[in-house]
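Numbered from 1 within each chain, the chains take letters A, B, ... in sequence-line order.
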There are 2 protein chains.
Amino acid sequence: MNGPVLALAGGVGGAKLALGLSHVLPPRQLVIVANTGDDDVFHGLHVSPDLDTLMYTLAGLANPATGWGVVGDTFGVLDMLKRYGADSWFGLGDRDLATHIERTRLLREGRTLSEVTRYLCGKLGVKTALAPMSDDPVRTMVETDQGTLAFQDYFVKHRCEPSLRNVRFAGASKAQASPAFQNALNTAGAVVYCPSNPVVSIGPILALPGVMEHLKEFRGPMVAISPIVGDHALRGPAAKMLLELGEEVSCVGVARRLAGICDVLVVDRQDAHRVADVRAAGMDVEVMDTIMETDADKERLARELLQLVETLVES
Amino acid sequence: MNGPVLALAGGVGGAKLALGLSHVLPPRQLVIVANTGDDDVFHGLHVSPDLDTLMYTLAGLANPATGWGVVGDTFGVLDMLKRYGADSWFGLGDRDLATHIERTRLLREGRTLSEVTRYLCGKLGVKTALAPMSDDPVRTMVETDQGTLAFQDYFVKHRCEPSLRNVRFAGASKAQASPAFQNALNTAGAVVYCPSNPVVSIGPILALPGVMEHLKEFRGPMVAISPIVGDHALRGPAAKMLLELGEEVSCVGVARRLAGICDVLVVDRQDAHRVADVRAAGMDVEVMDTIMETDADKERLARELLQLVETLVES
């Protein structure tokens with residue numbers, strides 16, 4: 001394979017595979033591009049949940065119980081912010097807040113989100129390239145039966161309970177793909193869609209101008225891991241969202257979303273019976289054990305994926 | 001006495017008397033104006049050390065071991081900020097940082113420091129009026145044998161070790177006294193100088209345009225408590241600073257600083273033998289137990305001061 005693997009990822013689910021890939025690929029052979037449509041401002045601080053989940057995971061700092069936040073974190077700041085009457089539904093730990101404080105300071109000094117991410121990753125010893133999808137603001141807005149909600153408002157405050165009508169990515173049409181993302185689109189040897197929510201994690205990345213065109217014309221292998229196994233999302237609201245958007249809640253629904261910009265969908269062994277349906281949706285298919293619980297699971301799946309990619313390069 | 005007591009205060013020393021006054025006066029009869037020359041920006045957040053020490057003290061949240069910061073605070077944010085390579089010599093606790101986060105957010109929204117202080121105090125249940133000396137930036141700059149240092153740089157990072165040559169208050173000539181301070185200067189029945197550092201706590205307040213003139217023409221009683229007992233400051237670098245500025249390190253040195261804008265200097269019983277010298281410096285003098293360890297000490301001294309003020313009103 002010529003050029004690095006470009007991995008597109010959201011938060012916790014995507015971070016599992018991203019970690020596996022980072023363990024089996026040399027740093028220069030992997031570029032992870034994160035969704036920033038979930039970004040928001042809390043208490044005046046710029047929070048990038050997916051970037052941080054990926055960064056903490058790659059740094060070995062992620063809270064294993066939740067997948068997000070920093071292991072062993074405390075909640076002193078939030079405790080006091082509550083006394084000040086501030087919203088506290090977004091559970092920011094103290095060490096996590098240090099990231100947002102430092103990011104916000106650097107952004108205010110005029111650095112880009114890409115630069116800040118590189119700086120923070122460097123300080124935490126993350127050697128793999130991790131970049132935001134864009135340095136421009138893109139905000140995932142969820143239109144529901146309870147009105148239009150910013151993504152975190154829907155996801156955390158309302159626990160995904162409102163019924164979905166539509167999802168849009170405010171600012172996406174005027175946003176540019178980040179320099180590292182653009183570069184990777186031009187130089188990558190393969191694209192991997194991590195098992196992230198197809199609507200609100202991969203969706204915003206695809207909504208950036210030029211990205212769909214680049215992917216449609218991409219010459220190397222493009223593979224995806226279905227975040228839906230059976231009729232359930234492995235985590236998060238992907239199943240409920242697909243259902244409410246009128247799409248099929250299965251690996252086939254995922255295949256329909258990615259047809260045209262992905263060569264092979266990797267489905268879990270539990271979905272082996274859907275192989276023909278995935279092919280009918282316009283995509284080749286491979287069956288693997290996709291459920292990642294341990295680090296060994298993550299590395300094994302990453303290795304199998306890379307073998308698949310090598311096979312596709314050779315064919 | 002007609003009108004409230006206007007108490008001018010710096011941090012920990014001043015806060016002791018401010019607490020005593022707040023316990024013996026109804027809220028409407030006391031306005032505490034705090035030095036903001038020590039304010040600085042850490043990690044992009046606006047920190048007002050003296051305002052916060054006063055606020056936490058009045059709210060019953062101050063750390064009794066230090067006098068500043070929040071009791072029982074943790075240091076998770078600072079711990080992580082260190083990993084990001086940020087300066088960590090200014091020991092900000094997590095709950096304390098919540099104050100700076102909330103203050104910074106509100107200031108960025110366009111509120112004044114006075115408004116923010118009132119808001120935060122309200123949330124913490126502080127009924128006494130506490131106001132910054134100014135809503136405009138004033139920065140105490142310390143000229144030393146190691147160059148010019150911002151106050152916190154001198155005070156915390158360099159532990160007051162550099163030898164002092166001069167102190168100036170950058171921005172003071174263009175700053176306005178805050179609305180509450182101006183109002184109190186016009187309506188107060190008495191002025192109390194809390195036992196705060198005369199150079200860097202009371203000094204910046206006096207450096208604001210018009211304040212000296214107002215105090216010189218003030219009609220009610222003006223009393224001060226010497227922060228120097230014997231030849232030592234009760235806390236902080238006041239003694240070292242006065243010495244290096246070539247002034248006498250004693251209650252007499254304090255009296256010389258306040259002559260013309262204070263009627264009576266209250267000195268500690270240990271300084272009873274300096275009464276004639278204080279009078280020679282141009283000020284009347286009273287002897288009291290000024291060392292405040294317990295809340296009872298603070299209330300007793302506040303009561304004795306108010307009795308003194310009443311006597312002066314009647315005379």
Exercise. Rounded to the nearest 0.5 Å, how far apart are CG of B:Leu51 and CG of B:Leu113?
Worked result: 5.5 Å
Problem set entry | Heavy-atom side-chain proximity of B:Cys121 to B:Leu58 below 4.5 angstrom | no
Exercise. Of all heavy-atom pairs between B:Ala18 and B:Cys194, which one has the smallest distance, and what is that distance?
Worked result: N-SG, 4.5 Å
For this session: Can you tell me which residue pairs pass the salt bridge (charged side-chain N to carboxylate O under 4.0 Å, His left out) test with a partner in residues 53-67 of chain A, sequence neighbours excluded?
Result: none
For this session: Give the C-alpha distance, both sets of side-chain angles, the deciding distance and a yes or no for side chain to side chain contact (heavy atoms under 4.5 Å, CB included) between A:Leu6 and A:Phe181.
Result: CA-CA 8 Å; A:Leu6 166 58; A:Phe181 187 16; 3.9 Å; yes
Seminar exercise, completed: So, the part of B:Leu78 with a heavy atom under 4.5 Å from chain A: the answer is neither
For this session: For A:Phe155, check ring pair (Phe, Tyr, Trp, His ring centres under 6.0 Å) against everything at least two apart and list the hits.
Result: A:Phe151
Give me a line-by-line list of donor-acceptor atom pairs from chain A to chain B that are under 3.5 Å apart, or tell me none exist.
from	atom 1	to	atom 2	distance (Å)
A:Asp79	OD2	B:Arg95	NE	3.3
A:Tyr84	O	B:Tyr119	OH	3.3
A:Tyr84	OH	B:Thr99	OG1	2.6
A:Arg95	NE	B:Asp79	OD2	3.3
A:Thr99	OG1	B:Tyr84	OH	2.6
A:Tyr119	OH	B:Tyr84	O	3.3

Seminar exercise, completed: Cut-off 4.5 Å, heavy atoms of chain A, and the answer for B:Leu61 is side chain
For this session: Sort A:Leu45 into side chain, backbone, both or neither according to what part of it lies under 4.5 angstrom from a heavy atom of chain B.
Result: side chain
For residues 7-15 of chain B, dump all side-chain donor-acceptor pairs below 3.5 Å to protein atoms at least two apart in sequence or in another chain.
none

Exercise. Which residue out of A:Gly72, A:Gly93, A:Gly76, A:Ala86 racks up the most heavy-atom pairs below 4.5 Å with chain B?
Worked result: A:Gly76
Exercise. Atom CD1 in B:Ile32, atom CG in B:Leu21: separation rounded to 0.5 Å?
Worked result: 7.0 Å
